[in-house]
Amino acid sequence: MPSTIVANMAVCDKTVKVTAEAREDGDIDIRIESNCSAVKHYAETLTKVTMDDIMNFQNSVINREDVRGNMSMICTAPIAVYQAAWMEAGMLSRNIYRKLGPCTLDVGRE
């Protein structure tokens with residue numbers, strides 16, 4: 001069953017929906033939908049990841065500049081890809097996600 005993560009980017013009022021689906025060869029297909037034009041290139045370019053991509057942050061195709069295109073440095077799309085792929089690989093609990101939702105960032109107040 002495919003794994004889907006929805007991330008709401010409050011600072012720009014955009015949404016990213018990432019669906020990850022395991023393939024028989026061990027790779028993971030990625031589908032990205034967003035109402036953000038800057039994510040369009042990312043969605044067209046990033047259609048598959050490997051286990052190494054989701055385990056090795058520094059060398060991952062998910063973070064490559066030519067794949068990210070002109071997305072903002074703080075865009076949540078790459079993190080949503082990691083979360084969906086981890087869930088699909090069994091590294092993130094579906095039950096916890098259903099209960100708590102995706103990882104979020106909140107503005108701290110002092």
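Side chains of Ile30 and Val18 form a contact here, defined as non-hydrogen atoms less than 4.5 Å apart. Side-chain contact between Val39 and Met71: present, with at least one pair of heavy atoms (C-beta onward) separated by less than 4.5 Å. Between Glu65 and Val67 the shortest side-chain heavy-atom distance does not fall below 4.5 Å.
Pairs of residues two or more places apart, or lying in two chains, that qualify as ring pair (Phe, Tyr, Trp, His ring centres under 6.0 Å) and include a residue from residues 15-72 are Phe57-Tyr82. For residues 1-19, the set of pairs meeting the salt bridge (charged side-chain N to carboxylate O under 4.0 Å, His left out) definition, not counting sequence neighbours, is empty.
The minimum heavy-atom distance between Ile74 and Met9, with the atom names listed, is O-CE, 3.1 Å. Across Pro78 and Cys75, no two heavy atoms sit closer than the pair CD-O, 3.4 Å. Taking both residues in full, the closest heavy atoms of Ala38 and Asn70 are given as O-OD1, 3.5 Å, listed atom of the first, atom of the second, then distance. What you find for Val49 and Ile62 is that their closest heavy atoms are CG1-CG1, 3.8 Å.
Between the OG1 atom in Thr47 and the CD1 atom in Ile28 there is a gap of 13.0 Å [rounded to 0.5 Å]. With rounding to the nearest 0.5 angstrom, the SG atom of Cys12 is 8.0 Å from the CG atom of Asn35.
By the salt bridge (charged side-chain N to carboxylate O under 4.0 Å, His left out) test, Asp29 is found to be paired with Arg23, residues two or more places apart in sequence or in another chain being considered. Checked against side chain to side chain donor-acceptor pair (under 3.5 Å), Asn95 has the following partners two or more places apart in sequence or in another chain: Arg98. Legend: residues meeting side chain to side chain donor-acceptor pair (under 3.5 Å) with Lys40, ordered by chain and number and at least two apart, are absent. Residues passing the side chain to side chain donor-acceptor pair (under 3.5 Å) test with Ser3 are Glu88, Arg94, sequence neighbours excluded. Contacts of Glu21 classified as salt bridge (charged side-chain N to carboxylate O under 4.0 Å, His left out), with partners at least two apart in sequence or in another chain: Arg31. In this view, Asp66 and Arg64 satisfy the salt bridge (charged side-chain N to carboxylate O under 4.0 Å, His left out) rule, not counting sequence neighbours. With sequence neighbours excluded, the residues that form a side chain to side chain donor-acceptor pair (under 3.5 Å) with Asp27 are Lys48. Residues satisfying the side-chain contact (heavy atoms from CB on, under 4.5 Å) test with Met55, not counting sequence neighbours, are Met91.
Looking at Thr76, its side chain never comes within 3.5 Å of a backbone N or O of Ile79 through a donor-acceptor pair. Judged purely by atom type and a 3.5 angstrom limit, Thr15 has no side-chain atom pairing as donor or acceptor with the backbone of Asn8.
Both Ile32 and Trp86 are part of a single hydrophobic cluster, where members link through side-chain heavy atoms under 4.5 Å apart. Both Ile54 and Val81 sit in one connected hydrophobic cluster of ILVMFWY residues. Membership requires side-chain heavy atoms under 4.5 Å apart, directly or through other members. Following chains of ILVMFWY side-chain contacts shorter than 4.5 Å, one can reach Leu46 starting from Met51, so the two form part of one hydrophobic cluster.
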